[in-house]
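For reference, the structure is listed below as structure tokens.
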Amino acid sequence: MMTNAVFDRIKEQIERDDVVLYMKGTPVFPMCGFSAATVQVLGQTGVKFQSYNILEDMELRNGLKEFGNWPTFPQLYVKGELIGGCDIVREMYETGELEALFQEKGVNTNAAVA
Ligand SMILES: N[C@@H](CCC(=O)N[C@@H](CS)C(=O)NCC(=O)O)C(=O)O
């Protein structure tokens with residue numbers, strides 16, 4: 001059973017940083033191709049993002065699936081809102097929607113990876 005504690009933790013995390021990536025591994029050492037591809041796309045946009053390695057935190061891993069009703073990783077949150085996983089992020093980047101979203105939400109795209 002999922003406790004409210006993990007939901008509270010997720011809410012704090014997605015409110016603390018404008019762009020949050022829940023992934024397998026870290027941006028420097030991704031542990032899955034989908035996470036690696038998403039890090040690469042975010043890097044291309046120049047956006048500053050916070051990441052959390054869900055492989056090190058089973059409670060967070062399970063909590064996120066329920067919180068966002070999204071069963072896989074990576075999961076990208078922008079300003080507290082779930083955008084999607086690797087396929088969606090990649091597609092949005094290709095169509096220009098991702099950068100448009102960052103602009104619309106006032107997210108800084110001139111910074112190095114956090
Ligand atoms: N189509 C997905 C691919 C991601 C995916 O299939 N992730 C799997 C394997 S890495 C996953 O997170 N499974 C659930 C888990 O490992 O907890 C996307 O666009 O993000």
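Values below: all heavy atoms of this structure, side chains included; hydrogens, waters and symmetry mates excluded. We count ligands from 1, going down the list as the structure has it; atoms in each ligand are counted the same way.
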Considering residues, nucleotides and ligands other than Gln40, do more than 12 of their heavy atoms fall under 6.0 Å from its CD? no
In this structure, atom 17 (O) of ligand 1 is nearest to the protein heavy atom Lys65 NZ, 2.6 Å
Among non-hydrogen protein atoms, atom 12 (O) of ligand 1 lies closest to Phe73 N, 2.7 Å
Atoms of ligand 1 under 4.0 Å from any heavy atom of Pro71, numbered from 1 in the order shown, are 14 (C)
Q) Is there a side-chain contact between Phe102 and Val19, using heavy atoms and a 4.5 Å cut-off? A) yes
Exercise. Do Leu76 and Leu42 touch side chain to side chain, with heavy atoms closer than 4.5 Å?
Worked result: yes
For Gly85, the atoms of ligand 1 under 4.0 Å from one of its heavy atoms are 19 (O), 20 (O)
Test side-chain hydrogen bond (donor to acceptor under 3.5 Å, both in side chains), reference Tyr22, set Gln50, Gln13, Gln75, output is Gln13
The closest protein heavy-atom partner of atom 19 (O) of ligand 1 is Asp87 N, 2.8 Å
Filtering Leu76, Val89, Thr72 for the heavy atom nearest atom 5 (C) of ligand 1 leaves Thr72
Rounded to the nearest 0.5 angstrom, the CG-CG distance for Leu60 and Asn53 is 9.5 Å
Open item on the list: Would a single hydrophobic cluster contain both Phe34 and Val20, if residues Ile, Leu, Val, Met, Phe, Trp and Tyr are joined by side-chain heavy-atom contacts under 4.5 Å?
Closed with: no
Checking heavy atoms under 4.0 Å, the part of Cys32 that sits near ligand 1 is side chain
- Query: Can you find a non-hydrogen atom of Gly33 under 4.0 Å from ligand 1?
  - Reply: no
With a 4.5 Å cut-off on side-chain heavy atoms, are Asp57 and Tyr52 touching?
no
query: Quick one: are Val39 and Met23 in side-chain contact, heavy atoms under 4.5 Å?
result: yes
Under 4.0 Å from one or more heavy atoms of Lys24, ligand 1 contributes atoms 9 (C), 10 (S), 11 (C), 12 (O), 15 (C), 16 (O)
Pairs of nitrogen or oxygen atoms closer than 3.5 Å, one from Cys86 and one from ligand 1: do any exist?
yes
**Report entry** Geometric N/O contact Arg61 with ligand 1, under 3.5 angstrom
**Finding:** yes
